[in-house]
Structures are given as structure tokens and as C-alpha cells.
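These notes are about the structure you will find just below.
Each chain gets a letter, A, B and so on, in the order the sequences are listed, and its residues count up from 1.
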Amino acid sequence: MTIDPSEILAILPEILLVVLALVVLVADLVLKDEQRRMLGWVTAGGLLFVIIPLLFFFRPTDGATFMWGGAIRVDMLGFVFKLLAYFGAAITAILAMDYEVIGKRGELYMLLIISTLGMSVMVMAADLILLYVAIETTSIPLYALAGMRTKSDKSVESGFKYLLFGAMASAIMLYGFSLLYGMTGQTNIYLLAEAFQLGTASGTPLLYGSLLIILVGFAFKISAVPMHFWAPDVYEGAPTPIAGFLSTASKAAGFAVLLRVFLVAFPEYATQWGMILAVISTITMTIGNMIALAQKNIKRLLAYSSIAHAGYALIGVAVASQLGVTSVTYYMIAYLATNLAAFAVVGIYGRIAGSDEISAYAGLSRRSPGLALVMMVALLSLAGMPPFGGFVAKVFVFAAAVDAGLIWLAVVGVINSIIGLYYYLTVLKIVYLYRSEGDEVPLEVSRSSWFALGLLVAAILLIGTVFAPWFNWASQSALAMF
Amino acid sequence: MGFPVLSVITFTPIIAGLLILLIPANRKTEVRMAALAAATFALILSVWVYFSYDTPTAGYQFVEQYNWLPQLGISYHVGVDGMNTPLVLLTGIVMFTGVLISWGIDDRPREFFAFLFILATGVFGVFVALDLFMLFFFYEIAVFPMFLLIAIWGWKVTREYAAMKLTLYLFIGSVVALVGALAMYFTSGLGTFDMIALEGAGFSADFQKLWFPFVFLGFAVLGGIFPFHNWSPDGHVAAPTAVSMFHAGVLMKLGAFAALRVGIMLLPEGAKFWMPWVILLTLVNVVYGAFIAMVQSDFKYVIGFSSVSHMGLVAMGFATLNSDGMLGAGMQMFSHGVMTALFFAVVGMVYDQAHTREIPKLGGIRKVMPILAPAFIIGGLVSMGMPGFSGFAAEFPIFMGVWQTAPWIAIVSAISIVVTAAYIIRIINRVFFGNVPAELEGHLQDVRVLDKVAVVVLCVVMIVVGVYPAIMSNMVQSGVDNILRLLGGA
Amino acid sequence: MEFIMDHLLMLILFLPAVFAGIVLLLPRGQDNLVRWVAFVLSLVPFIFSLVLWLNFQKDVPGFQFQEQYAWYPSLNSTLHLGVDGISLSMILLTTLLTPLAILASFTIHDRVKAYMALFFLLEMGMLGVFMSLDLLLFFVFWEFGLVPMYFLINQWGSEKGERQIWGGRKIPARTYASFKFMIYTMAGSLGLLLAIQLIGVLAGTFDIPRLYQIVGTLSGSIMGISAGTVKAIAFWAFVIAFAIKVPVWPFHTWLPDAHTEAPTAGSMILAGVLLKLGAYGFLRLVLPLYPNESRQYAVALATLALMAIIFGALASFGQTDFKRLVAYSSVNHMGFVVLGVAAAAYAINTETANLALNGAILQMFNHGLSAAGMFFLVGVLYERTHTRDLNQFGGLFPLMPVYGGILIFTSMASLGLPGMGGFISEFLVVRGSWPIFTFITILGMIGLFFTGAYILKGIKMVLHGPLNENWVGHLKEINAREIFIITPLMVLSLVVGIWPAWILDVINSAVRLFFQGA
């Protein structure tokens with residue numbers, strides 16, 4: 001069996017990731033304890049080393065190609081979401097450096113890279129089996145990462161809970177995959193649609209049933225209602241940078257898979273699953289926002305907010321149009337940068353203040369105007385205010401809904417973003433308005449953190465003001481799905 | 001394309017704001033100087049734009065257009081016509097005077113000016129936008145700094161409540177309008193957000209009738225239209241002085257202007273269909289606002305409700321859909337902006353010293369701050385539509401316009417003029433004349449020189465426009481003609 | 001020089017505003033300097049008015065010294081100025097009374113600069129009304145005059161006295177009076193404003209000469225209301241606005257309060273000029289613009305005028321406050337003006353109507369002189385005694401013989417004694433309206449009788465009767481400045497009374513020319 005060099009090139013980023021994981025492992029052995037912090041830089045630098053060639057040499061602008069016997073598909077959707085995953089992982093690595101104890105453990109970085117590797121495969125997998133393997137490759141390191149603070153009960157609980165729910169969702173999803181295989185005899189996503197048309201399975205309750213079952217697995221990944229309840233507990237317990245990673249890169253990868261499987265395998269049933277997703281989107285947004293209103297803990301608030309954001313993004317999936325996919329992709333780009341920034345601030349401040357209670361944020365703007373500013377940018381972007389990324393992303397999603405004639409869905413989104421604005425502003429009010437004891441003492445924020453924060457803010461602003469390049473990516477991704 | 005003056009005006013504040021953030025927090029004087037420099041620069045440019053706008057040529061001038069997101073037909077497209085040139089000038093004036101008056105802010109002035117300037121950029125951006133998407137973009141930019149400005153530097157008693165109320169109201173309005181705008185975008189089939197192109201989209205009458213209320217009212221929330229005016233007096237009162245000035249002076253115009261630009265100009269048939277109802281709402285604004293203002297005992301609430309009343313006149317002028325009414329509305333936007341900025345400036349100066357705004361507890365301000373009495377009187381005369389001041393030049397055409405569409409509304413709303421006179425006179429008598437109450441004796445000092453400059457600038461503008469309205473009316477008229485063209489000469 | 005002649009009206013009109021600015025810029029604390037500068041400056045418009053008077057050609061029809069500039073082009077409104085014989089006499093009266101009033105204000109000590117500036121602005125407002133040939137501009141000046149007057153009463157009015165308002169709260173009388181003045185006139189103006197807008201909408205122009213030409217041919221409708229109805233509505237709006245200003249009974253109740261509480265100079269201008277604005281409005285706008293409506297309702301107007309004459313006189317007789325007595329006398333005297341106007345409205349462009357109009361206009365002029373004089377004399381007395389209660393006076397003649405003489409002279413002028421101006425004008429009004437409204441005129445004569453009664457009562461209670469011993473040694477005789485103020489008024493009253501032709505010719509030709517076409 002000869003392997004075409006181009007096939008190797010197609011998975012070069014993944015290969016590099018494996019190499020990077022090994023480098024980190026070796027470095028972990030070599031470095032002294034106080035130097036292990038450097039591993040964060042190594043990871044981030046390594047990811048950059050993957051990102052740059054990917055960005056410049058491996059952009060599949062000229063259509064999509066199947067590789068490795070049709071197991072993967074090299075297209076723009078995979079490209080964009082890979083970039084997102086790498087970027088998210090790099091930022092997470094930098095932010096994790098300052099985290100006490102675990103920031104100095106090589107496993108963290110290694111697991112992070114492996115998880116990223118899983119995502120990277122996930123978003124380009126064109127075969128159900130590879131997809132399942134990729135999902136598990138992503139998830140298992142994440143279970144470990146969430147429970148990494150072994151001294152903390154909450155963290156352990158978080159990891160355990162995540163593991164249980166994740167395993168259950170995976171199992172259900174796998175069951176769905178096997179049903180599909182049973183109906184068609186195909187595991188390749190791209191051949192499924194055809195097989196449905198030819199076969200006798202089309203339109204049967206079994207088909208809808210398996211569709212729903214698969215959806216359960218995906219809903220878990222993107223934390224959509226009703227598979228959302230793990231998120232707050234896990235986010236709260238997990239180390240904050242990891243929670244940020246969970247809520248962004250992992251969720252983005254989930255959306256990529258959702259888009260690919262549903263649009264490619266079930267285009268005939270777009271009206272049906274579109275309706276289901278629209279309903280799920282509505283419920284997700286509403287529940288996420290409503291519960292977020294009552295939160296006292298910032299990480300739980302962000303967890304519920306990220307549930308709500310899954311709801312917004314689902315609008316774009318539900319309309320199942322090219323503009324819809326474009327908008328979801330754009331939404332994920334914007335959301336990734338934004339939510340990472342929010343978790344970054346929470347992580348930095350939570351560590352210094354020793355609390356994740358929202359009330360602990362009183363006086364933040366006096367102790368560190370810069371951190372407060374980043375918080376403001378992140379929260380306003382989440383709320384959908386220009387000139388930050390969240391605004392355009394929301395506009396695109398709503399536009400997709402209006403375009404598809406789902407005006408009611410756009411209105412639901414609009415109402416929800418108003419509720420969202422309320423609790424984001426409430427946090428901002430505490431950050432800027434309230435005072436606390438000792439709020440004259442400036443905060444010490446490490447340079448590496450500033451670097452990550454600066455990068456994120458720049459990204460949020462760039463996404464929010466210069467839309468054309470990212471929109472191009474997103475629309476090319478959409479094109480690859482149709 | 002020449003010097004991109006409109007872009008420079010639009011982005012001067014935000015760039016200045018970001019630069020100000022780089023100044024160390026304890027260098028407060030430098031922060032203020034930088035703010036003043038930026039504001040002066042923006043004012044000079046807006047004056048230049050105002051006076052170099054070629055009225056006989058009319059149409060959109062100083063146009064700049066760049067692709068922003070060509071895939072969706074979003075462009076950065078700016079230009080001014082007779083309707084918004086005065087508003088750009090207004091923003092320049094209010095920004096300049098607002099900075100002068102905020103000299104005394106001592107709590108985090110750096111952040112204050114930065115937020116204020118972000119707000120200013122949003123305002124400028126909306127006024128010059130010729131692209132629907134861009135209009136929303138800047139519209140929202142103008143909304144959120146308001147929250148922080150009010151919540152942080154506002155009046156301690158109500159600031160949190162008012163800031164939240166205001167932001168949510170405006171946000172609701174704008175997103176509702178946004179849905180309408182998206183519907184327009186897709187229905188037009190033109191694949192562009194360019195408003196000039198959308199003007200010719202030829203939407204069906206049913207479509208226009210369906211969407212007009214959403215778009216118009218969505219924006220009109222910011223214009224303080226009844227029954228969505230509730231945020232405005234609370235917001236005005238809670239805001240710090242410069243923000244109140246911006247808020248009532250410019251931000252409310254933003255709503256009225258956007259309602260005109262997007263609601264009436266893009267959906268003219270819808271406008272014609274709904275206007276009888278809109279005009280009724282504005283009537284409530286005008287009369288009810290004036291009566292409520294009369295019974296307030298808080299100085300600032302009086303002004304807040306007077307804004308509701310006066311902005312009702314703006315909307316009423318637009319709602320007439322005829323030449324006179326819209327001319328008046330255009331003039332009123334400018335006139336009210338300057339006037340209310342002056343009012344809030346004066347209120348702020350009084351409050352800074354007296355630490356109360358209860359009218360019965362004030363008195364004799366004239367004796368300690370001699371410049372405030374004539375300033376407030378001039379503002380008051382503008383407010384009651386006294387001839388010779390800008391308010392008359394604005395209200396007169398509005399009423400003329402209303403006569404042509406709904407005579408009885410003109411008669412009923414005229415009541416507001418007398419009521420306005422009554423509450424203005426009451427304030428003048430109780431606050432500025434008479435004797436300083438014993439508990440304030442010795443606590444009051446004269447205002448700063450910069451405050452005086454600000455007050456004088458505002459007064460002069462109102463008098464100039466009032467004495468010689470042609471300086472503005474021709475320009476506004478050219479803008480109105482364009483709107484009338486869209487309305488099919490109605 | 002040529003510039004001055006070309007822009008005479010602009011100069012007369014706007015110089016006061018410039019002077020107001022100059023006065024405000026004078027150094028602080030130099031009250032005397034301010035007073036004198038203000039006085040000298042106020043003479044400039046007077047001198048220009050004299051030039052205007054001398055260069056006015058009384059036999060030329062139409063408006064003279066016209067000037068027209070762009071003002072509010074979008075509304076087709078221009079800065080259009082011009083005078084005819086009617087406005088000319090009023091301009092002369094205004095520019096004459098202003099320096100005298102300023103001279104009478106030398107006793108003001110509080111914020112002299114602001115006071116003088118307001119006075120100049122007041123003068124500008126009044127002159128603007130008389131000169132405007134544009135309806136919108138007319139309204140601008142009409143309203144504008146209110147503002148300085150309000151503050152003059154509100155800030156420099158008499159410091160004593162309280163009024164109870166609803167709610168039982170007591171407020172200073174001057175606050176009450178000024179507020180009432182403002183709200184009354186504003187309410188009146190509101191109708192005027194709306195009517196002007198209606199006319200503007202209907203005619204598409206605000207130019208008064210142009211309106212004269214087209215008013216008869218106006219057709220079309222506004223929202224289904226025909227032009228005729230619109231005109232009727234506008235007519236009543238105009239009438240009410242002007243009637244409040246004149247004031248015609250029953251719209252007069254603001255007047256006694258305002259006149260009484262105003263500072264002396266304010267009362268002089270208020271009675272001398274401001275009341276004439278209303279009458280001028282009738283002549284300039286109501287009669288020519290609504291000849292038919294005017295004729296139709298002339299009887300009603302005449303009846304109201306009669307009420308003003310009779311009730312004004314009776315009310316005046318019943319006063320114990322000297323200033324209120326004089327104030328009500330204004331109601332009485334202005335009643336004759338309105339009677340003349342009403343008679344003319346009924347029979348326009350007839351000989352008798354012209355007579356009545358001549359009388360009315362001359363009465364405006366004369367009343368301006370005599371009322372200003374009377375208020376000034378009341379003010380002189382008040383400054384010395386700090387009371388206006390007639391019961392507190394009595395027998396002052398021996399203490400102030402010169403003052404007494406002047407008071408009697410001015411009272412007689414006010415009374416309409418033959419040989420004084422008032423006689424000529426009232427005679428003309430009565431002579432003119434007799435054939436038209438015989439019965440009303442007869443009743444009016446009864447009012448004239450009461451006029452004599454209250455004037456004599458005033459003289460008696462101040463100068464004659466038992467001497468109130470409190471005043472002995474405390475009353476100073478009228479001083480040279482005060483005599484200087486009152487002299488021109490007395491002289492002019494006498495001159496008009498003895499040789500009315502100099503002014504009546506101008507008025508008469510103006511009336512003839514002006515109403516020829518109507």
C-alpha cells in the first residue's frame with residue numbers, strides 16, 4: 001500500500017500535534033519544577049507553529065477533497081474549525097501557566113494537545129467511525145483536565161460528572177451511528193444521504209429515531225437543552241482555563257460536526273430537523289438566559305450564558321441554509337474569542353481574589369482598569385454590542401433566520417439577547433461601580449496573561465469591525481457543505 | 001474623494017478615547033486637556049462641514065464609500081445631506097461643551113472621557129451613515145457607553161436603576177428595528193444595505209405597512225416617543241451632567257433621526273399608512289410631557305420631561321409628512337439639542353454646588369452664579385418657543401405642518417406652549433431669583449470659567465439660529481425636499 | 001449719510017439691541033455711567049425717528065422706507081420693514097417715551113445694567129411690531145416684547161404687596177402680576193400664532209402687503225375646512241390676541257396688576273406704548289385682512305369697547321390705590337380707541353369712519369403721552385412716600401406746589417379737557433362713531449362723565465383736603481430731572497390740543513390711503 005504524499009500533507013497538522021504532545025512529555029521530564037511553567041509557552045508556540053503553515057499553505061480554498069479512503073474531507077469547514085481549536089488551545093495553554101500547581105504539570109499541556117488533536121480530526125472526519133474515535137479522543141483528555149485539581153472536591157466532582165454524562169452521551173450517539181449503519185450499510189457520512197434515497201429506510205420512524213439519538217450526543221457537546229445540565233457544574237469545578245476551553249473550542253468542534261452530519265447526511269429532512277433544532281434553539285436560549293439571571297457565581301453565569309449562546313448559534317443551523325451555516329461559523333469564531341476572554345479574566349481574577357462569586361468583582365475596575373476593560377469588552381461582545389465580534393455574529397444569525405422566513409425565531413433571539421444584556425450589564429455594574437475593601441491595591445497580572453488578553457481583545461475587535469476576511473472563511477465553509 | 005472629513009470626525013473621538021486610556025490614571029489634567037483638544041478638533045471639523053455644505057447643490061455630500069463586507073452588500077458609506085449636517089454640528093457642539101463642563105469630574109476622569117468619546121463616535125457614525133448596517137453598528141455603539149457613564153458617574157440615588165432601564169429600553173428598540181431592517185434587506189432582493197439603494201427598492205405596500213411600526217417605533221424609543229418615553233426622564237436625571245447633555249441633546253435625536261432615515265425614508269408607504277396613529281402618540285408626548293414637567297419638584301426631572309414634550313414635537317413634525325412639518329422637525333432637533341444641553345449644563349452646575357435639585361430648596365442662584373440666570377432664561381425662552389430664539393424657528397413650521405394634516409392636533413398641542421411657559425417661569429422665579437435659602441448660604445460659589453464658556457457658546461448658537469433662521473433652514477429644507485421626493489410629493 | 005437714509009428703519013429697529021449689548025459691556029459698579037450712557041444712547045433712535053418723520057411723504061400711498069431681506073426663506077418669510085403714517089406716529093411715540101422712561105429710571109439701584117439692557121430690548125420689540133411688514137416677523141416682535149417687560153415687572157417691580165394664590169400660598173405681588181401678564185398675553189398670542197400659521201398655510205406667504213392684495217381672493221381649503229371658515233377662525237384669533245393686549249373688556253384683568261406692580265418707567269412704557277400694540281394690530285391686520293368679518297362683528301366690538309369705557313371708569317373711581325386708579329383709566333381711554341376702530345370697521349372707507357379712525361389713532365398717541373405722564377407722576381409721589389394709598393395722601397398741594405400744578409395739568413390732559421390733545425382725539429372718535437353707533441356712543445359719553453369723576457377724585461385725594469401731617473417736612477418738591485421728563489409730555493399734549501394739524505395730517509392721509517382699497 002503506497003501512500004500519496006498529499007495524503008500525509010492533509011493530516012500534517014495532526015501529525016505535528018502528536019509531535020508536539022511528545023515534545024511536551026519529554027520536556028516535562030527534562031525541565032526542573034520551577035521551569036515547567038515554560039511548558040505553556042512551548043505548547044502555545046508549538047500550536048503557532050501548526051497554525052502558521054495551516055493558515056498559509058493548507059487552505060483548501062479550491063474545493064474539497066476526500067482523503068484516506070474517504071475517511072476525512074479536507075474542506076474550509078474543517079480548516080476554520082481547526083484554526084479555532086488551535087487558537088483556543090494556545091490561549092488556554094498560556095492562561096493555564098499561571099494556574100497554581102496544575103500549571104506546572106506537563107500532563108495538562110499534553111492532555112490539552114491531545115484533546116485538540118481530537119477536535120482537529122473531529123471537524124474533518126467524513127466517516128462515522130473516525131468521527132466517533134475523534135470525539136472520544138477529544139473528550140477523554142477533557143474529563144481528566146476537568147478533574148485535574150485533585151485537591152479540590154469540586155474539580156473532582158466536575159471531572160467525574162463530565163465523564164459520566166459524556167460517556168452516556170457518547171454511548172447513545174454511538175448507538176445512533178450503528179442504527180444508521182444498519183439501515184444503510186454505510187459509515188461514510190457523504191454516502192449516507194445517497195443511501196437513504198436509494199434504500200427503503202427513507203422516511204421511516206427508525207430514521208427519525210436515529211436522527212434524534214445522534215442529536216443527543218451532539219447536544220451534549222454543544223451543551224444544548226436538554227443535554228445542558230452538566231455544563232454549570234463542570235465549568236464551576238474545572239480549572240477556569242479548562243472551563244474556558246470546554247465552553248469554546250469543544251463547543252465549536254461540536255457545532256462543526258453537527259453541521260456536517262446533518263447537512264450532508266440528512267439534507268432531505270432539513271425541514272424536519274430544522275424545526276426540531278429551531279425548537280431546541282428556542283428552549284436553549286431561553287432556559288440558558290433565564291437561569292443565568294439568577295446566578296451568583298460568575299463561572300456558573302458564564303456556563304448558562306454559554307448554553308444560551310449555543311441556542312443563538314443553533315438558529316443558524318436550524319435554518320439549514322448557506323447563510324445559516326455561514327452565520328454559525330462566524331458566530332463560533334466570534335464566540336470563541338469572546339468567551340475565552342471572559343473566562344480568562346475570570347480565571348485571573350478568581351485566582352487573585354480567591355472567589356468566583358460575582359460580588360467579589362466589586363472594585364475590579366479600580367484595582368485593575370485593564371482587566372476591567374477586558375471584562376467589559378468580553379461581556380459586551382457576549383451581549384452583542386458593537387464594535388465587538390458578538391454584534392455582527394448575532395446580526396448574521398438573525399439575518400439567516402429572517403432570510404429563511406423564520407422571523408419568529410429571530411424575534412425569540414432578539415428577546416433573549418435583551419435578557420442576556422441585563423445580566424451582563426449587572427456584572428459590569430459590579431465591576432465598575434461597586435467598591436470593595438482594599439480596592440486601591442493594584443492587581444498583579446502576569447505578562448503572559450496580558451499577552452493572551454491582548455490577543456483576545458484584538459481578535460474580538462477585529463472580528464467585530466473588519467468582517468470581510470472571516471466572513472469569507474465562513475461563507476466558504478458553508479459552500480463546502482452544499 | 002478628497003479629505004475624508006466625515007470619517008475623521010467620526011473616528012476622532014474614539015481614537016482620542018483610546019489614547020486617553022493610555023495616559024496614566026493619576027495624570028488627570030493631561031486627560032482633560034487631551035479630551036478638550038479632541039473635542040475642539042471635532043467641533044472645528046463639524047463647523048467646517050456645516051459651512052462648506054453646498055446647500056444649492058443639496059444631496060449627499062462629503063461622501064465616502066468603502067467595501068466593508070461586500071458579500072452581504074455592507075459598505076462603509078458616509079455622507080451628509082441637509083437633514084443631518086446640522087446634527088453633526090450639534091454633536092460637535094455638545095461634545096465640546098460637554099467636555100468643558102466635565103472638567104470637574106474627579107473620579108476616574110480617564111475612563112469617563114473614554115466612554116464619553118466612544119459614545120460620541122457612535123453618535124457621529126449614525127448621523128453620517130448611509131448604510132443600514134453601519135447605522136445599526138454605530139447606533140449600538142452609542143448605547144452601551146451610556147450604561148457605564150450613568151451607572152458609574154451618575155446620581156447615586158437612581159443611577160443603577162436608571163442606567164439599566166435606559167440601556168434595556170434602547171436595546172429592545174434597536175433590536176426590534178434591526179429585525180425590520182433585516183426583513184427589508186432580504187425582501188428588497190438587492191443584496192445591499194445601502195440606504196440610497198434601498199430607497200428605490202420598491203417594497204410592496206403590505207410589506208411597508210407591516211414593518212413600519214417596528215422600525216419606526218424601535219428607533220423612536222430612543223426619541224422618547226410615548227408610551228416608550230419612560231426611560232428618558234429617569235435616565236436624564238440619573239446621568240452626570242455631560243452625559244445628560246449628550247443624552248438629551250444628541251442621543252434622543254439619534255432615535256428621531258434613525259426613525260426618519262430608516263422608517264420614513266425607506267418605508268414611505270408604511271409611513272403614510274401609520275402616521276395618523278403616530279401623530280396621536282406624539283400629541284400625548286407633547287401635552288402629557290409638558291403637564292408632567294409642570295408638577296415635578298426635582299429641577300432635573302422638569303427638564304427631563306420637557307425633553308419628552310419637545311421630542312414629541314420633533315416626531316410630530318416628521319409625522320406630518322409635509323414640507324413645513326419636517327422642516328420644523330429638522331430645526332427642532334438642532335434647537336432642542338442645544339437648548340437641552342444648556343439646561344442640563346445649568347442644572348448640573350447648580351447641583352454641583354447646592355447638592356440638591358429640589359426646587360423649593362433652591363433660590364437666589366442668580367446672586368452667586370450670575371451667568372446661569374440669563375443662560376437658563378435664554379434656554380427657557382427657546383423652550384417656550386419665544387420668537388427670536390431657535391425654538392420658535394423650529395416650532396412654528398411644525399405647527400404649520402400640523403395644521404395641514406390634523407388641525408385639531410395643532411390646537412391641542414398648542415396648550416403645551418402655555419404649560420411650558422408656566423413651568424419655565426416657575427423655575428426661573430424659584431431657583432434663580434429670590435434669596436438664597438439659609439441652609440445653602442455660604443456653600444455656593446460661582447461657576448468655573450470653562451463652564452461660562454460652554455454656557456455662552458450654547459446661548460449664542462440658539463440666538464443666532466433664532467434671529468437668522470435662514471442660516472439653517474435652507475439646508476434643512478434641501479434635506480426635506482429629498483424626503484418629500486421619496487414620499488412621492490405628499 | 002446715504003447709508004443712514006437707506007437703512008433708517010433697520011437702524012431705528014436694531015440700534016436698541018446694539019445699545020443693550022453696549023450697556024451690558026460697561027464696567028461693573030458704575031451705575032451712574034450706565035444710566036447716562038443708556039439715556040444718551042436712547043436718544044439716537046429718537047433722533048432717527050425725527051429724521052424719519054421729516055422725510056416721510058404723507059401723500060404717497062403705500063409703505064415707505066421699505067427694506068426687505070431674506071430671513072426664513074423656507075417659510076417664505078422675509079425681514080420686511082416699512083412705515084406708513086399710522087406706524088410712523090407710533091414709532092415717534094415709542095422712541096420719545098423710551099428716553100424719558102430711562103431718565104425716569106435713574107432711581108433704580110438694583111442691577112442697573114440688566115435693567116437698561118432689558119429696556120432697550122423692550123424698545124426693539126415694540127418698534128419691530130410697528131415696522132414689520134411680514135406677518136411672521138410681526139409675531140416675532142410681538143412676542144419678543146413680552147420678555148423684557150416680564151422681567152422688568154418681575155425683578156424691578158414694587159417690592160411690597162403679596163397676593164394669595166390657590167393653595168393659600170402667598171407670593172410677592174410682582175411675581176403674581178408678571179406671571180399673569182405673561183400667561184395672559186401668551187395665551188392670547190397662542191391664538192394669534194395658530195392663526196398666522198393658518199394664514200401662512202393658506203396663502204403661502206407672510207408678506208403683509210402681498211396678503212392685502214390676495215386676502216380677498218383666497219380660496220382652497222385645509223383638511224376640508226374652507227378658506228372662509230379658516231378666515232373666520234383666524235379673525236377671532238387675531239381679535240382675541242389684540243383685545244387682550246389693548247385690553248378690551250373683559251380681557252383686561254391682567255392690566256391693573258401689571259401696571260400697578262411694574263416699576264415707574266415700566267408702567268410708562270406699558271401704558272404708553274405696549275397697549276397701543278393691540279390697537280395697532282387691529283388697524284394694521286384685522287381691518288384690512290378681514291374687512292367682511294370686521295363689519296359683521298363691529299357691533300360686538302363696539303359693545304365691548306363701551307363696556308371698557310364705562311367699567312374702566314367706574315372701576316377707576318372705586319380705587320384707593322393711586323396707581324390702580326391710573327391703570328384703570330387706561331382701560332377707559334383705550335376703550336375709545338377700540339370704539340373708533342369698531343366704528344371704522346362697520347363703515348369702512350366712509351368719511352365718518354375715517355374721522356373715527358383719525359380719532360382712534362390720535363387717541364393712541366395722546367393716551368401714550370398722558371398715561372405715561374400720569375404713571376410717572378404717581379411714581380414720583382411713590383418714591384417719596386412709599387405708599388400709593390390715596391387715603392394716606394391729602395392736602396399735599398402746599399407741600400409740593402410745582403408737583404401739584406403738573407399733576408393737575410397732566411390730569412386734565414388725561415381727562416380730555418379742551419385745548420389738550422385728549423379732547424381732540426376723543427371728540428373725533430365720538431364724532432366719527434356717532435352716526436354709526438349712535439346709542440353706544442351716547443352711553444359712551446356717560447363713561448366720559450365718569451372719567452371726569454375719577455380724575456377729580458384722584459386730584460382731590462392727593463392734593464386737596466385735610467393735610468396728612470405725617471408728610472410735613474418729609475416731602476421734597478419734584479426735582480429738575482423729573483420736571484425734564486414730564487415737560488415734553490405736557491408740551492406735546494398741549495401742542496396736539498392746540499395745533500393738531502401737524503400730526504393729524506399725517507394720520508389722516510395715512511388712513512385715507514391705507515383704507516382706500518379695503
Side-chain angles (χ1 to χ4, degrees), chain A residues 323 326-327 330 365-366 369-370 372-373 376 379-380 383-388 390-392 394-396 398-405 407-408 410-411 413-422 424-426 428-434 442 464-472 474-476, chain B residues 14 21 25 67-72 74 76 107-108 110-111 114-115 118 121-122 125 133-134 136-145 147-154 156 159-160 163-164 167-187 193 211 214:
Chain A
L323 184 61
T326 310
S327 70
Y330 203 100
S365 80
R366 287 171 201 272
L373 209 63
M376 185 188 84
L379 291 183
L380 288 176
M385 288 287 186
F388 310 117
F391 170 73
V392 265
K394 274 214 177 76
V395 171
F396 292 154
F398 295 157
V402 173
D403 183 31
I407 290 174
W408 66 269
V411 171
V414 159
I415 293 168
N416 268 291
S417 45
I418 294 160
I419 304 172
L421 181 65
Y422 178 81
Y424 296 127
L425 286 182
T426 313
L428 271 188
K429 190 172 75 184
I430 290 164
V431 168
Y432 270 96
L433 181 54
Y434 292 172
T465 50
V466 187
F467 335 118
W470 336 119
F471 189 86
N472 257 341
S475 64
Q476 281 166 5
Chain B
I14 199 166
L21 281 180
N67 276 336
W68 203 356
L69 184 54
Q71 293 94 326
L72 289 183
I74 296 173
Y76 174 85
D107 177 21
R108 289 174 283 174
R110 190 173 68 147
E111 279 84 354
F115 290 145
I118 293 172
T121 284
F133 179 87
M134 184 184 158
F136 276 100
F137 189 84
F138 283 101
Y139 193 89
E140 303 275 356
I141 290 185
V143 171
F144 81 79
F147 174 81
L148 292 169
L149 285 167
I150 295 178
I152 302 174
W153 290 276
K156 289 196 172 60
R159 58 187 178 187
E160 293 178 38
M164 189 63 86
T167 316
L168 289 182
Y169 256 86
L170 302 190
F171 191 69
I172 291 170
S174 72
V175 283
V176 168
L178 176 65
V179 174
L182 290 173
M184 275 190 235
Y185 169 76
F186 288 112
T187 312
F193 278 98
W211 285 106
F214 294 99

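Contact of I172(B) with chain A is made through backbone and side chain together, with heavy-atom distances under 4.5 Å. T465(A) touches chain B through backbone and side chain together, each having a heavy atom under 4.5 Å away. Heavy atoms closer than 4.5 Å to chain A are found in the side chain of D107(B), but not in its backbone. In this structure, the portion of L380(A) lying under 4.5 Å from any heavy atom of chain B is its side chain and not its backbone. With a 4.5 angstrom heavy-atom cutoff, L21(B) touches chain A only via side-chain atoms. Contacts between A401(A) and chain B at a heavy-atom distance below 4.5 Å are absent for every atom of the residue. The part of F115(B) that comes within reach of chain A is its side chain, from C-beta onward, which places non-hydrogen atoms under 4.5 angstrom from that chain. For a residue to count as touching a neighbouring chain, one of its non-hydrogen atoms must lie under 4.5 Å from one of that chain's; by this rule T167(B) touches chain A with backbone and side chain alike.
Contact count versus chain B (heavy atoms, under 4.5 Å) is highest, among L323(A), V414(A), L428(A), T426(A), for V414(A). Heavy-atom pairs under 4.5 Å with chain B were tallied for F398(A), F388(A), Y434(A); the largest tally goes to Y434(A).
Between P387(A) and F144(B), the closest heavy-atom pair is CD-CE2, 4.2 Å. Between F137(B) and P386(A), the shortest heavy-atom contact is O-CG, 2.8 Å. A468(A) and W68(B) get closest at one heavy-atom pair: CB-O, 3.4 Å. V179(B) and I407(A) make their closest contact through CG1-CG2, 4.3 Å (heavy atoms, listed as atom of the first residue, atom of the second, distance). Closest heavy-atom contact between L178(B) and V395(A): CD2-CG2, 4.0 Å.
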_Verdict with supporting geometry, L148(B) and M376(A), side-chain contact (heavy atoms from CB on, under 4.5 Å)_ = CA-CA 10 Å; L148(B) 292 169; M376(A) 185 188 84; 3.2 Å; yes
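For the atom pair CD1 of I152(B) and CG of L433(A), the computed distance is 7.0 Å after rounding to the nearest 0.5 Å.
Q71(B) places none of its side-chain heavy atoms less than 4.5 Å from the side chain of F467(A). Under the 4.5 Å side-chain criterion, counting only non-hydrogen atoms from C-beta, S365(A) is in contact with R108(B). A 4.5 Å side-chain heavy-atom check between L69(B) and F396(A) finds at least one atom pair inside the cut-off.
Using bins of under 30°, 30° to 60° and over 60° for the plane-to-plane angle, the ring pair F133(B)/F391(A) lands in the tilted bin.
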